[in-house]
Each structure stands twice: as structure tokens, then as C-alpha cells.
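Since the structure is predicted, the reported quantities are computational estimates derived from the model, not experimental observations. Lettering follows sequence order; numbering is per chain, from 1.
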Amino acid sequence: MDEVRVRFAPSPTGPLHIGGARSALFNYLYAKGAGGKLILRVEDTDSERSSRQSEVNILESLKWLGIDWDEGPDVGGDYGPYRQTERLPAYQEYTKRLLKEGKAYYCYCTEEELEAQRKEFSEQGELPRYNGKCYHLTPEERARFAAEGRKPVVRFHVPENQDVVIKDRVRGRVVFESNGIGDYVIVKSDGIPTYNYAVVIDDHLMKISHVIRAEEHLSNTPRQVLLYEALGWEAPVFAHISLILGKDRAKMSKRHGATSVVQYREEGYLPEAVVNFLALLGWSPEGEEEILSLEEIVQQFSLDRVAKNPAVFDMDKLSWINGIYIRKSPVEKLVKMALPYIEKAGILPNNPGHEDRERIALAVTALREHLVTMKDIVSYLQDFSQEKVALENEETKAVLREDTVPQVMQAFRNKLAALPEVTPESIKILLKTIGKELKLGGKQVYMPIRIAITGQMHGPELNFLIPLIGKELVLSRIESAFQQVAP
RNA sequence: GGCCCGGUGGUCAAGAGGUUAAGACACGGCCCUUUCACGGCUGUAACAUGGGUUCGAGUCCCAUCCGGGUCACCA
């Protein structure tokens with residue numbers, strides 16, 4: 001069997017979309033699993049919207065996710081260049097051939113004329129498509145239009161009454177009728193090929209064996225297949241994976257929240273978590289374990305287990321997976337991840353010293369079980385740096401008014417003040433001692449202290465919390481709490 | 001609207017004619033925990049509808065309904 005060569009071919013018109021990331025991932029998984037190559041090709045033929053900035057964003061997002069490629073605009077390869085705008089001569093050659101063989105023709109229709117045509121078709125209740133008018137142009141007419149200064153496009157002449165068959169690895173055999181497709185533009189008036197044309201030439205020239213892409217491209221595929229036939233080339237194997245939908249079951253878009261990979265990175269999701277989640281959208285492992293590393297997914301991945309139906313993007317599950325990865329990560333790594341958020345929030349100086357890092361490490365250990373994303377750590381930290389505390393509700397106040405509270409708090413304050421080193425260990429002993437000395441257990445000791453320090457009935461373990469907030473703040477916070485229940 | 005794809009619990013998703021119709025997230029309960037969370041156990045909950053084919057249909061066929069995609073000198 002020939003070498004497996006797949007490609008991810010984004011158009012650099014914006015940041016990498018989460019759906020694009022999934023397409024890239026599936027291509028990567030398939031390539032790796034088959035010992036093949038992943039090619040990255042930039043489809044920048046939309047000169048209006050393409051930008052280098054977007055291209056950089058896409059490459060960086062992919063790298064962040066851990067998806068790497070064997071050939072591409074940055075690393076080169078034997079089948080370059082890997083940007084379509086740098087491949088113009090290649091397209092021109094085939095355009096000439098198609099023109100010569102009468103399989104394509106120049107079209108001089110203006111936008112107004114096309115608009116009028118479309119209108120006419122739809123008024124007659126017919127499919128609004130190109131009527132083939134310029135196909136019949138005589139050389140004289142063409143010359144006249146050219147003399148007028150009209151810049152022509154090149155249209156592909158679609159053969160009539162033909163079934164166009166697509167062999168799709170996930171959908172099976174899909175058949176379209178050629179009559180439903182009007183003659184379409186393959187080269188724009190500025191000489192740049194359109195998507196449907198450039199993909200075909202590039203996929204062929206780059207020896208792409210499998211085209212794995214989103215389902216939205218399925219309706220385009222017959223146009224491409226027709227081109228393969230006209231050029232006398234064999235089409236690659238297609239695999240159209242279903243779309244990712246938002247909560248309302250419409251294609252994922254901005255109004256569904258974060259759609260770009262960078263947004264997830266900024267929100268504090270771990271790349272391993274995003275990749276794991278994305279893989280599970282449309283693909284399922286054979287076993288029951290769903291928490292899988294990229295390597296494990298590569299091992300298990302198969303197009304046979306890719307679902308046909310679209311998948312709703314389930315934020316809850318992503319959060320759950322991210323939490324799992326946060327808990328799995330070593331503290332050091334989490335500290336490193338947390339740093340940018342903390343710096344940005346201005347909680348700590350920009351070049352945190354050893355002590356600050358210690359403190360963050362403490363925060364991470366105290367909070368890791370509670371975090372959904374790494375960004376969440378900021379609001380906890382901000383809260384813990386306040387001098388005062390707000391009692392959450394009436395219940396917390398009621399607890400602080402209980403009879404045993406004064407003696408507990410007095411003991412706590414005294415012992416804390418006398419404590420030379422505030423560490424999780426020393427606090428743990430301190431709290432135990434209070435319980436023993438006062439012969440009070442459980443809630444009677446821990447709850448008032450917790451409430452007096454945080455204003456809330458729930459939260460991380462006290463022995464972490466107290467060193468994290470620090471002796472001074474703890475004392476001032478306690479004071480502010482009791483002011484709120486003073487008679 | 002034409003064409004195309006799809007339709008198993010709220011969500012993801014196993015299932016390749018014969019199963020008590022997996023599992024995961026979410027939700028409820030219990031346990032653990034001096035709180036919450038984490039973790040463990042457990043529960044509620046699904047084959048869109050109607051016709052066929054078959055001894056037997058979630059699985060095959062057809063229709064209907066519903067959802068989505070696509071119909072550009074965007075990709």
C-alpha cells in the first residue's frame with residue numbers, strides 16, 4: 001500500500017477554530033497510527049481575509065495542542081511550497097490544459113449579470129446556478145469583452161447527467177447528480193484559484209492519500225471529484241467527519257462561547273485536556289477508559305470508530321476532563337501555569353521571588369481539587385488577600401454566635417500569635433490541640449474558625465488555608481468577621 | 001426551496017439481526033471527609049414515528065417528521 005499522507009489545510013482567516021483543531025487532530029491521529037505523514041498546507045487564496053497573523057496563530061495553536069506536522073510552510077518538505085499563493089504557476093499550468101481541452105472556459109459575466117441570472121432562476125422556482133452563457137462565447141465576443149477591459153474568470157464546464165460518486169471512509173458511498181451543479185469558477189478574475197480548484201491540484205501534487213475534513217465540505221466534494229476526473233487523476237479517499245455543534249445544535253460559532261483554541265488556552269485549560277476532549281467528540285475508544293494521552297489515542301485511533309452524527313460541544317465534560325488533568329499534574333507544573341494569570345491579575349509582583357513561588361505552590365496544593373481551569377486560582381487568591389471578610393449568610397452568623405465560639409477563637413488567636421512558623425503541619429497540630437484542650441470536637445472547632453477566616457462554610461482545608469492567607473491577615477479577617485456579629 | 005448528511009438517556013457514545021440496550025459527563029442518594037471538593041458505591045433516564053423484510057429489527061429497506069450542512073470570483 002502507498003504511503004499514508006494526510007493534510008490539514010486551514011485558511012488563515014482567523015484564529016484556529018476548535019472544529020479545525022479537531023480536524024487537525026483526526027488527521028494527526030490517523031497519520032501517526034498508520035506510520036504516515038501529516039502535511040500542513042495554508043489555503044490563503046482568499047486575499048481579502050487571509051493574514052499572516054492568523055497563520056501564525058494557527059501554527060502556534062497546533063503546537064500548543066501537541067499536534068506536529070512533517071511538512072509545512074515553516075518546516076518545508078519535498079512537495080512545497082505549502083502556501084497556495086506561492087503555488088500559482090502550478091495551477092496555471094492545469095488551467096491552460098483544461099481550457100485547451102474545452103473542459104473549462106472564460107466567463108466575462110459581471111456581478112450584476114450573475115445576480116440577474118440568479119434572480120431569474122429562483123423566480124422560476126429553479127436552482128440558482130450559472131446558466132453556461134459564456135460557454136458558447138465566440139472568439140470574437142471574447143475579444144470584444146477583453147477589449148472592454150473585462151477581467152474574466154475561468155469556469156469549469158460540468159458534464160451533464162452524470163452521477164458523481166464519492167467514496168467516503170465514514171459515510172460510505174455518497175452519490176450526487178452533476179446536473180445539480182452549475183459551471184463553477186475555478187480561477188478568479190485576479191488569477192487566483194478558488195478553493196475547490198486549488199485543493200484538487202494540491203492534494204494530487206502533494207500525493208495526499210486521505211482527505212479527512214469536516215462534513216461541511218461534503219457538498220463540495222463532487223465539484224472536486226469532477227475535477228479529478230477531468231484531469232485524469234485518481235481521487236484520494238475521503239473521510240468527512242461530523243461537525244461540532246453548540247448547545248442549540250447549530251454549528252459551533254462565537255455566540256456559543258469560546259470557539260478558538262487560544263481562548264481555551266487563555267482560560268486556563270490544559271492542552272492534554274482539550275485534545276482528550278476533542279478526540280472524544282466523534283470518536284470513541286474501544287475500552288471504557290476515556291482519559292487518554294495523545295499517545296494512547298494514537299494507539300487506539302481508527303476511522304472505523306468515528307461517528308457519523310454531529311456532536312454537541314459539552315462544556316461540562318471538558319471541565320471535568322480539565323479538572324482530572326489538573327489533579328494529575330505535578331505541583332511544579334501547575335505553579336508554572338498559574339504564574340501568568342497571577343501576574344496579570346497583579347496579585348504578586350511581576351518577578352515573583354522564592355517566597356512568592358512557595359506561596360503559589362501552597363495555593364496550588366490547597367486548591368487543585370477545586371479548580372476547573374487554572375485561571376480560577378486568581379479569584380481564590382484575590383479573595384485570600386483581603387483584610388476583611390464578608391459573612392456569606394445568616395447561617396454563618398448563627399454559627400459564630402454559638403456559646404463555645406469565644407473560647408475556641410481565643411485559644412486559636414493566642415496559639416496562632418505564639419506560633420513561630422505557620423505551616424500546614426504546625427496548623428494541623430494547633431487545631432488538634434485546641435480540640436483536645438477544650439474537649440470540643442469536629443464542627444465546633446473547625447467551623448467557626450473557617451467562617452471567621454473566610455466568611456464561608458465551605459472551602460479548602462484549614463491547614464493549607466491559614467498559611468496561605470498568613471498570620472496577620474488571618475487575625476484581621478477574624479476581627480472583621482466578629483464585628484459583623486457583634487451585639 | 002433543491003441536493004447531501006444525520007437521528008440510541010439532558011450531553012458524548014457503545015451496539016455490525018437474537019444483549020437484562022454498555023460506559024462517560026451532568027443530575028439525585030449513600031459512604032469517605034471535622035466543611036466543600038476529590039474519591040468510592042448507587043439510582044433516575046434512551047433506540048424520533050409509521051410501514052415493510054425476517055422466526056426474530058436499535059441494527060436491513062421505504063416513507064414521514066425533526067436536526068444539520070451546502071448551494072459565492074469564502075474556504
Side-chain angles (χ1 to χ4, degrees), chain A residues 9-13 20 43-50 84 107 109 111 114 118 122 125-130 151-155 166 168 170-172 174-177 179-182 184-196 198-199 213-223 240 242-243 245 247-251 277 280-291 304-305 307-321 323-324 327 367-371 431-432 435 440-447 449-451 454 456-462:
Chain A
S11 63
T13 54
E43 310 217 321
D44 55 352
T45 54
D46 184 344
S47 34
E48 296 272 299
R49 297 188 299 149
S50 294
Q84 290 187 324
C107 169
C109 293
E111 230 170 280
L114 294 173
R118 269 196 284 268
S122 46
E126 279 195 50
L127 182 73
R129 60 182 194 278
Y130 185 67
K151 289 248 197 265
V153 299
V154 179
R155 282 183 190 274
I166 294 159
D168 192 288
V170 350
R171 270 149 231 286
V174 182
V175 185
F176 292 82
E177 277 180 31
N179 291 2
I181 307 166
Y184 50 93
V185 175
I186 57 175
V187 181
K188 306 180 217 175
S189 53
D190 58 3
I192 294 177
T194 60
Y195 162 74
N196 279 311
V199 243
R213 70 209 335 178
E215 194 196 325
E216 55 187 319
H217 292 290
L218 186 56
S219 317
N220 277 318
T221 311
R223 290 184 174 78
H240 286 96
S242 58
L243 295 172
L245 310 180
K247 267 255 174 285
D248 60 356
R249 303 211 135 261
K251 191 167 135 185
F277 174 68
L280 258 16
L281 239 38
W283 171 81
S284 62
E286 255 181 89
E288 288 192 350
E289 187 53 59
E290 291 193 341
I291 300 299
D304 294 329
R305 297 188 68 82
K308 296 182 176 67
N309 48 319
V312 172
F313 192 92
D314 183 0
M315 225 16 185
D316 284 338
K317 188 151 183 176
L318 206 213
S319 298
W320 172 73
I321 293 181
I324 300 253
R327 271 164 251 135
L367 295 167
R368 66 194 316 194
E369 320 263 88
H370 298 260
L371 299 176
L431 292 171
K432 276 223 167 96
L440 292 171
K443 274 194 162 160
Q444 288 179 297
V445 175
Y446 286 78
M447 200 43 86
I449 296 177
R450 169 180 299 286
I451 292 170
T454 68
Q456 294 175 355
M457 299 187 65
H458 315 301
E461 288 181 40
L462 280 181

Whether over 12 other heavy atoms sit under 6.0 Å from Lys308(A) NZ | no

Complementary nucleotide for [N] - Watson-Crick or wobble, under 3.5 Å:
N	result
A24(B)	U11(B)
G2(B)	U70(B)
G39(B)	C31(B)
A48(B)	U64(B)

Closest of G68(B), C5(B), C12(B) to the Val312(A) side chain is C12(B)

Checking only heavy atoms, does the side chain of Glu290(A) share a donor-acceptor pair with the base of G23(B) at less than 3.5 Å?
-> yes

Using atom types as modelled and distance alone, determine if a side-chain donor or acceptor of [X] lies under 3.5 Å from a backbone N or O of [Y].
X	Y	answer
Asp168(A)	His240(A)	yes
Arg327(A)	Leu371(A)	no
Lys247(A)	Met315(A)	no

Would you classify Ser189(A) as touching base, sugar-phosphate or nothing, given that sugar-phosphate means primed atoms plus P, OP1 and OP2, and contacts are heavy atoms under 4.0 Å?
-> base

Please state how far atom NE2 in His370(A) lies from atom P in U33(B), giving the value in whole angstrom units.
-> 17 Å

Over how many whole Å does the gap from Ile321(A) atom CD1 to A26(B) atom P extend?
-> 10 Å

